[in-house]
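The structure appears right after this line, and notes come after that.
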Protein chains: 2
Amino acid sequence: MTEPAPPRAERRRRTEQRVLDAARELFAERGFERTTIRAVAASAEVDPALVMQYFGNKRRLFAEAVRVAGPAGSAGSPEEAVEQLLATLGVKMRLPPASLAMLRSMLTHPEAAATARETLGRQVAQVGASLPGEDAPLRAALMTTILLGVTVGHQLLELDELREASPDALAAALRPALRALADPGA
Amino acid sequence: MTEPAPPRAERRRRTEQRVLDAARELFAERGFERTTIRAVAASAEVDPALVMQYFGNKRRLFAEAVRVAGPAGSAGSPEEAVEQLLATLGVKMRLPPASLAMLRSMLTHPEAAATARETLGRQVAQVGASLPGEDAPLRAALMTTILLGVTVGHQLLELDELREASPDALAAALRPALRALADPGA
DNA sequence: TCGTTGAGTCAACGCCTGTTGAGCGAAATG
DNA sequence: CATTTCGCTCAACAGGCGTTGACTCAACGA
C-alpha cells in the first residue's frame, strides 16, 4: 500500500511548495515574460486557476519565487570582504534558483530590477564599510558589479571560458583583481 | 515654403530609418518581449503593418536593430589591452542604443543571448591573445565579464554609486583590477 | 451520519499580441 | 493625360495570455 494519505493541511502546503518550485525553475530558465502561469501549472501538475488562487497574480508569484534569505555577513577587514565575495561566487556554482530567477529577469522586469538594485545596494554598503579610502563606496560598487558580471557570464550566458574553469581556479584568478580594489594602497 | 518634397526613394529610406531608430530606443529601454510592434510603429508615427513590410517579423527587426559595427581592435601588449577595455567603458558612458538593446535582452531573448555570446567571445579571444600565461583565456574572459558587469550595473541597473562617479574616476578605480588580471606576474 | 468546509478543476472571458491581405492615393513613367 | 508603380494605411484574424466564477468532491467536525 501507499502512505496513509496526508491530512488536508499538509497536502495543501505540499502543493503550494510544488507550484513555487516549478515557478522558480521556469523563471530562472526563461525569465518573467516568457514564463506563463499555464507552464508553471503544468510543470507542477496542477490547474492554472489554482496558481492564481494561491498567489493572486503573476507578479506576486514572481515576488514570492525570488524571495531569498539575505546571508548575514559581517563587515571585517578588506581581505575578509574579498574572501566573502569570492565565497559567494564559490557558492554560486550552484546558485539557488530563486537568485537565478531574479538575475535572469533583472534587466527586463521592473520589479526584478528593483529587487536587484536593493540586494546589490546592500552588498555594496556592506563591502564599502570594510574598505579604507574616501572612494570606498565606488570601489565597493565595482567589486560588487564585478561579481555580478562574472556570475552573469558564467551562470546565465554560460561563456565557455568560464564554464571550463573550476570554481577554485576561477576564484584564484579573480582574487588579485578584487584585492587591488579592496586596498589600492597595498 | 517648405522643402521641395524629397523624391520617393529618399522618403522611403528616411521612414525605414525612423522605424529602426524607434525600435532601437524601445528595445534598449524595455527589452525584446515588452517592446511591441505597435509601440515601435507609434513612436515612428507609422502604421504597424509597415514595420512588418520592411522587416518581415519582430525577430528580424530586432536583429537589424542590434546590428553594430564591431570595432576593429589590434592585439598588443597587456597594458594596451587594459586601456582598450577601459576605453570601451569610457565610450560606454554614451553606449550606442544598438548595444544597449542587445545587452538589455541578452538574458531573456535567446537570439540576443547568442549575439552577446558571440560578441563577448570575440572580445575574449582578442584580449586573450595579448595576455601572457597559460590561463590567458580564463583571465581574458574575466576581464571581459568584469566590464560586462560594470556596464550592466551602470547603464542598465543604474546603480547610484556608479552613476555618481565620473567616467575618468571609474576608469581610474578599475584600472588596477584589470592590470592584476592582465599580468599577474607584475 | 450529515452538513460544512475548502482544495482543486473546468470552461470561459476579454485583452493584447504578431501578422496578413486588400485597398488607397500620390508620385513616377510614357 | 493615361497608366503603372509603390509607399503606406485600414481592418481584421488567429492564437496565446492572465484572470475569473461556478462547480466537484473528498476530508473534516459535530
Side-chain angles (χ1 to χ4, degrees), chain A residues 1-23 26-27 29-66 101 105 108-112, chain B residues 1-23 26-27 29-66 101 105 108-112:
Chain A
M1 307 293 181
T2 58
E3 320 232 337
R8 194 137 79 168
E10 170 84 11
R11 245 189 98 71
R12 149 85 207 229
R13 248 176 289 124
R14 286 190 196 173
T15 307
E16 183 168 334
Q17 192 59 46
R18 219 170 55 235
V19 171
L20 207 52
D21 288 345
L26 288 176
F27 281 138
E29 217 171 273
R30 315 179 189 173
F32 181 83
E33 309 288 346
R34 299 176 80 91
T35 298
T36 67
I37 297 280
R38 282 167 164 85
V40 171
S43 169
E45 293 179 307
V46 145
D47 192 274
L50 190 63
V51 179
M52 304 304 295
Q53 197 176 123
Y54 286 169
F55 299 96
N57 59 44
K58 190 183 174 184
R59 281 170 40 236
R60 281 218 286 274
L61 170 62
F62 180 82
E64 203 68 35
V66 302
S105 296
T108 42
H109 182 49
E111 302 188 24
Chain B
M1 306 291 184
T2 57
E3 321 230 334
R8 196 136 77 167
E10 169 84 11
R11 245 190 98 71
R12 149 85 206 228
R13 249 176 290 125
R14 287 193 196 172
T15 307
E16 181 168 336
Q17 191 60 45
R18 221 170 54 236
V19 170
L20 206 51
D21 288 345
L26 288 176
F27 280 138
E29 217 171 90
R30 314 179 190 175
F32 181 83
E33 310 287 348
R34 300 177 79 93
T35 298
T36 67
I37 298 279
R38 281 168 166 86
V40 170
S43 169
E45 293 178 309
V46 145
D47 192 274
L50 191 63
V51 179
M52 303 303 296
Q53 195 174 124
Y54 285 169
F55 300 95
N57 58 44
K58 190 182 173 184
R59 282 170 39 232
R60 281 218 285 276
L61 170 63
F62 180 83
E64 204 69 34
V66 302
S105 296
T108 42
H109 183 48
E111 302 187 22

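Note on naming: letters A, B, ... go to the chains in the order of the sequence lines (proteins, then strands), and numbering restarts at 1 for each one.
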Residue mapping more 5' on DNA chain D - nearest nucleotide basis, A:E33 or A:Q53:
A:E33
Whole Å only: how far is the CZ atom of B:R13 from the P atom of D:dC6?
15 Å
Residue mapping more 5' on DNA chain C - nearest nucleotide basis, B:A9 or B:K58:
B:K58
Evaluate the side-chain proximity of A:L26 to A:T36: yes if any heavy-atom separation is below 4.5 Å, no if none is.
no
Of the options C:dG18, C:dT9, D:dG18, whose atoms approach the side-chain atoms of B:T36 most closely?
C:dG18
Roughly how many Å is it from CZ in A:R59 to P in D:dG18, rounded to a whole number?
13 Å
With the threshold set at 4.0 Å, does a side-chain nitrogen-carboxylate oxygen contact exist between B:R13 and B:E16?
no
Taking the side chain as every heavy atom from C-beta outward, state whether A:N57 and A:I37 have any atom pair closer than 4.5 Å.
no
In whole angstroms, the gap separating P of C:dT20 from CG of B:N57 amounts to 8 Å
Can you see if the side chain of A:Y54 gets near the phosphate of C:dA7 - specifically, an N or O under 4.0 Å from OP1 or OP2?
no
Tell me which residues in residues 44-52 of chain B lie within less than 4.0 Å of DNA chain D, going by non-hydrogen atoms.
B:V46, B:D47, B:A49, B:L50
Just how far, in rounded Å, is C1' of C:dC16 from CZ of B:R34?
14 Å
Measure CD1/B:I37 against P/C:dT20 and give the value in whole Å, please.
11 Å
Looking at side-chain heavy atoms only, is the closest gap between A:F62 and A:T35 below 4.5 Å?
no
Check step by step if side-chain contact (heavy atoms from CB on, under 4.5 Å) holds for B:T15 and B:Y54.
CA-CA 10 Å; B:T15 307; B:Y54 285 169; 3.8 Å; yes
Take the angle between the ring planes of A:F32 and A:H109 and call it parallel below 30°, perpendicular above 60°, tilted in between.
parallel
Checking D:dC17, C:dT19, D:dC8 against the side chain of B:R12 (C-beta onward), the nearest is D:dC8
Take atom CD of A:E16 and atom P of C:dG6, then tell me their distance rounded to the nearest Å.
15 Å
Counting only Watson-Crick and G-U wobble pairs with both atom distances below 3.5 Å, the stems of 3 or more consecutive pairs that include DNA chain D are C:1-30 with D:1-30
Give a yes or no on this: more than 12 heavy atoms of other residues, nucleotides or ligands lie within 6.0 Å of atom CZ of B:R18.
yes
Considering only D:dG7, C:dG8, D:dG18, which nucleotide approaches the side chain of B:R8 most closely?
D:dG7
What pair of heavy atoms forms the shortest contact from B:T108 to B:E33, and how long is it?
O-OE2, 4.2 Å
Taken to the nearest whole Å, CZ/B:F55 to P/C:dT20 is 16 Å
Go through the structure and list residues passing salt bridge (Lys or Arg N to Asp or Glu O under 4.0 Å) with B:E29, not counting sequence neighbours.
none
With the side chain counted from C-beta on, respond yes when A:E10 and A:R14 share a heavy-atom pair under 4.5 Å apart, and no when they do not.
yes
Looking at D:dG18, C:dG18, C:dG8, which one has an atom nearest to any side-chain atom of A:T15?
C:dG8
Kindly point out which of C:dG6, D:dT19, C:dT19 is positioned nearest to the side chain of A:R38?
D:dT19
